[in-house]
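Side-chain atoms are counted along with the backbone in the values below, which use heavy atoms only and exclude waters and symmetry mates. All chains are named by letter (A, B, ...) in the order of the sequence lines, taking the proteins before the strands, and each is independently numbered beginning at 1.
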Amino acid sequence: MTHPAGHAATLEPGGAPSGPERRLTIAEAIREAIAEEMERDDRVFLIGEDVGIPGGFGGAFGVYLGLPERFGRDRIIDTPISEKAIAGAAVGAALMGMRPIPDVQYADFLFECMDELVNQAAKMRYMSGGKLSVPLVMRCPVGTSNRGAQHGQCPESFFTHVPGLKVVCPSDAYHAKGILKSAVRDDDPVLVFEHKLLYGSKGREQAGGLDLTAHVPEEEYLFPIGQAVVKRSGTSVTVVATHLTLYRCLAAAEELSAEGIECEVIDPVSLLPMDTETIFASVDKTSRLLIAHEDTLTGGWGAELAARTAEERLFSLAAPIRRVAAHDVPLPVAPVLEQAVVPSTERIKSEIRSLCEL
Amino acid sequence: MTRPIDVGGLSGEKALRLYRGLVRIRRFEDRVYQLFLRGELPGTLHQYQGQEAVAVGTCDALRPDDWITSTHRPHGHALAKGVSMRGAMAELYGKATGCCGGKGGSMHLGDPDAGMVPAIAIVAGGNSVVTGLGLAFKLRSTGQVATCFFGEGATNEGAFHEGLNFAAVQKLPIVFVCENNMYGASTPFHLTSLVTDVADRAAAYGVPAQVVDGMDVVAVRAAVETARARAAAGDGPTLIEAKTYRFAGHSRGDARGYRSRDEEKEWKERDPIDRFGLALTTAGTADEAALAALVAEVTSELDDAVEFARNSPDPDAAEALTDAYATPITIGALR
C-alpha cells in the first residue's frame, strides 16, 4: 500500500491513515523498515561503526538491535572508525548494484566523507552519462542534545546544495518508516536525517517530554520522497518546519489558537526534492509564511524555500516571509546556552504573533 | 630496474597483444596532444606516455568482467581495460557519441560496459570507492576482482589509508596498483614522504606489497596476475608499486622546469615500448615486420577514431539537464 499521494491535507495529525492502533517509536519504525527491506531484497546491507558487534550498541542509537541475529553479520558490516571507507564502500557497492545503508552515527561525521558523498555518490551517474546509479541510503542523526559543537549539528542544508543527492528529514515514526523504505528502493543516493531527540518513546526531557510514538500500520506501505505533509490545518499563517522544531511549532500553534491565530503547520519531510506545491497551496490560502529549522539561519534550507516562495508567490503574500532558525554560532553545551541558540517554542510563538500583526 | 625484459615463456600471441596495447596508448596520447594543440579538444589533458606498461600489464592480467577505478590521468587505463578508442576519442571531443555522452571528458573517462568506473579525478578518490566494488563482489561471490589505479601522491591522502585498511580487514578482492611516477604535479615524492617505497606503507595494514619495474609490461603483468589470484581466492588485497615515469608534463602547458632533462633522458632509455619491442625481436618472439604491421593497424584504428569523433554530433544542449538523477525529481519539486 502506498500513501495516498497528493491528499496530504486530508490526513490525521501525524499524517498516518487511521486504523487499528499500533504505536511505534521512530527507532522501532526505522528498524522495521530496514528489516522489511533486507527481507525483501538481498542486495540491501548495513555498514557502519558499532552496528553489529555482539554485546554492542546496535548502532549509536540502538536502531539496529536484533538485526545482526536475524540477518547475519555478513549483511550487518562493522567497520573501522573510518567514515571515508564507510561511504566509499557504500558508493562502490551501490555502483555494482547493491543497496547499501551506511551509517555514520552522527551527521557531524559526514564532513569526514564529503568527497565520497559530494564528488562520488552525487556525480557518478551524471559523469557516466546515465549508465551507472548509486542507490545508497545514508542515515545521519542530527540535532542538539547537550553534546556540543561537534555532535549536535543539523547539516542537512549543505547537501540540498548538491545536485545528484536527495535529502529527507522524517520527523515521526509513520513517515520515517515509509520514506526509508522508499529511499532504499530509490536508484539515487538518499541522505536520511533523523533527530536524535525524536528516536525514543518517552520524549526525552530535552524534547519537552513529547509523546513521540505514532501509529504505524501492520501492512506494508511506502511514503514517497518529495511529498510534504500538512500536520495541522489553519488559515492565518503557513508554518514549515522539521524535526524537533516541527513539534515546537505544533505546540506554538495550539497555544496561539487561543489567541485566534490558526497556523497551518507543514512538515516538508523531503528537503530535496521539496514539495513546494503543497507549501505554495497553503501560502495561497494563508498569505503568510514562517519557516523554522534547527539548522543555522544563513544558507539554511529555509533560505531556499523563502527565495522560491518570493519568486513564485510574492503576490500571494500579505507580509514578509519570516525565518526562525538556530543563530549563526557553533553549538554550546550548557542547556541554557544551547536553548538560547536553537528555536524555542516561545521564540516561534512570538515570531508568528508579530508576523500575523503585519 | 633496467635489466632486460624477460620475455621467456611469452607466447607470440600474448606478446603481440601486449605490444599492441602499449602502442595503442602511446599513439593515442601523441595524437591527442596534437589535436589538443590544434584547439580541437576542450578542457585540459593529463597524459600517460611513459606509463603504458602499468595499464597494459595490469589490465591484461584481469578478467573482462573485473572492474577498475582510475585517476585524473585515465586515458591509458581506459584503452587497456577495453573502452573503445572511438568512444574515448569522442568523449575527449565532448561529442554525443563519447563513452560518457560528453559529460565525463578527459578526467572522467570510463565505461561500465568495459568494467571501468568513470575515472575519479580527486586524488585518492578511487581508493575508498574501490572497497565497495570489492565488497559487492565478495558479498555476491562473483569471483570478480576490483583494481584501483592511483599515484604515489595519493598515498598521502586519508582515503588511501582508510581504503587499504578496510580492504585488508574485510579481505576484499582488490588489487591496489600504485603508479609511482615520482612527482605529484611538480612536487617530488621525497619532499612529501620519508618513505621511499610506497610499498612499505602496506605493511602498516598487514597487506602484502611488491615493487615492480613499471616500465616492464611483463613484470607488471606477472605481479598483477599473482595478486589477482590471491584476491580471487579470498586472501585479500595486495599493493603493487610500479616504478614509472610520465614522459609528458603533469598537464597541458607544463614546461617541466622542476625536473632535469638528464633525468628525463635516463627514463626515456627505459621506454616501455622500445624495451619490450627489442626484447621480443631479440628473443625471436616477434619480428620487426610483425611489430611494424601492428603499428600500422593501430594507426588506422586511431585515424578511424579521430574521424568518428570529428564527424559525431555535439550533444543536444537539453542533455545537460538529464542523468543527474535516476528517478527524476518530479513531485512538486524544486525546479
In terms of heavy-atom contacts, does [atom1] of [X] have more than 12 from other residues, nucleotides or ligands at under 6.0 Å?
X	atom1	answer
A:Lys131	NZ	yes
B:Met107	CE	no
A:Phe158	CZ	no
A:Gln150	CD	no
A:Ile53	CD1	yes

How close do [X] and [Y] get, counting heavy atoms only, and between which atoms?
X	Y	result
A:Met96	B:Ala136	CB-CB, 3.6 Å
A:Met124	B:Pro118	CE-O, 3.7 Å
B:Asn165	A:Pro80	ND2-CG, 3.6 Å
A:Leu132	B:Trp67	CD2-CH2, 4.1 Å
B:Ala320	A:Tyr126	O-OH, 2.7 Å
A:Ala89	B:Leu135	CB-CD2, 4.3 Å

Which residue out of [options] racks up the most heavy-atom pairs below 4.5 Å with chain A?
options	result
B:Gly101, B:Cys100, B:Ala146, B:Ala159	B:Cys100
B:Asp111, B:Leu164, B:Val169, B:Leu139	B:Leu139
B:Ala119, B:Gly134, B:Pro112, B:Gly158	B:Pro112

Where at least one partner belongs to residues 119-134 of chain B, residue pairs that pass side-chain hydrogen bond (donor to acceptor under 3.5 Å, both in side chains), sequence neighbours excluded: A:Glu116-B:Ser128
Got a second to check how far [X]'s [atom1] is from [Y]'s [atom2], nearest 0.5 Å?
X	Y	atom1	atom2	result
B:His108	A:Ser128	NE2	OG	11.5 Å
A:Asp186	B:Tyr325	CG	OH	10.0 Å
B:Arg140	A:Met98	CZ	CE	5.0 Å
B:Lys138	A:Asp74	NZ	CG	7.0 Å

Answer with side chain, backbone, both or neither: which region of [X] has an atom nearer than 4.5 Å to a non-hydrogen atom of chain A?
X	result
B:Gln170	side chain
B:Ala124	neither
B:Thr322	backbone
B:Leu133	both

By a 4.5 Å heavy-atom criterion (distance strictly below it), what part of A:Val162 contacts chain B: side chain, backbone, both, or neither? backbone
Chain B contact via A:Arg75 - which portion, at a heavy-atom distance below 4.5 Å: neither
Exactly one candidate in A:Asn119, A:Leu95, A:Asp115 meets side-chain contact (heavy atoms from CB on, under 4.5 Å) with B:Val129; the answer is A:Leu95
Max heavy-atom pair count under 4.5 Å with chain B, selected residue of A:Ile279, A:Ile47, A:Ile77: A:Ile77
When you measure from the side chain of A:Asp188 to the backbone of B:Ala326, do you find a donor-acceptor pair of N or O atoms at a distance under 3.5 Å? yes
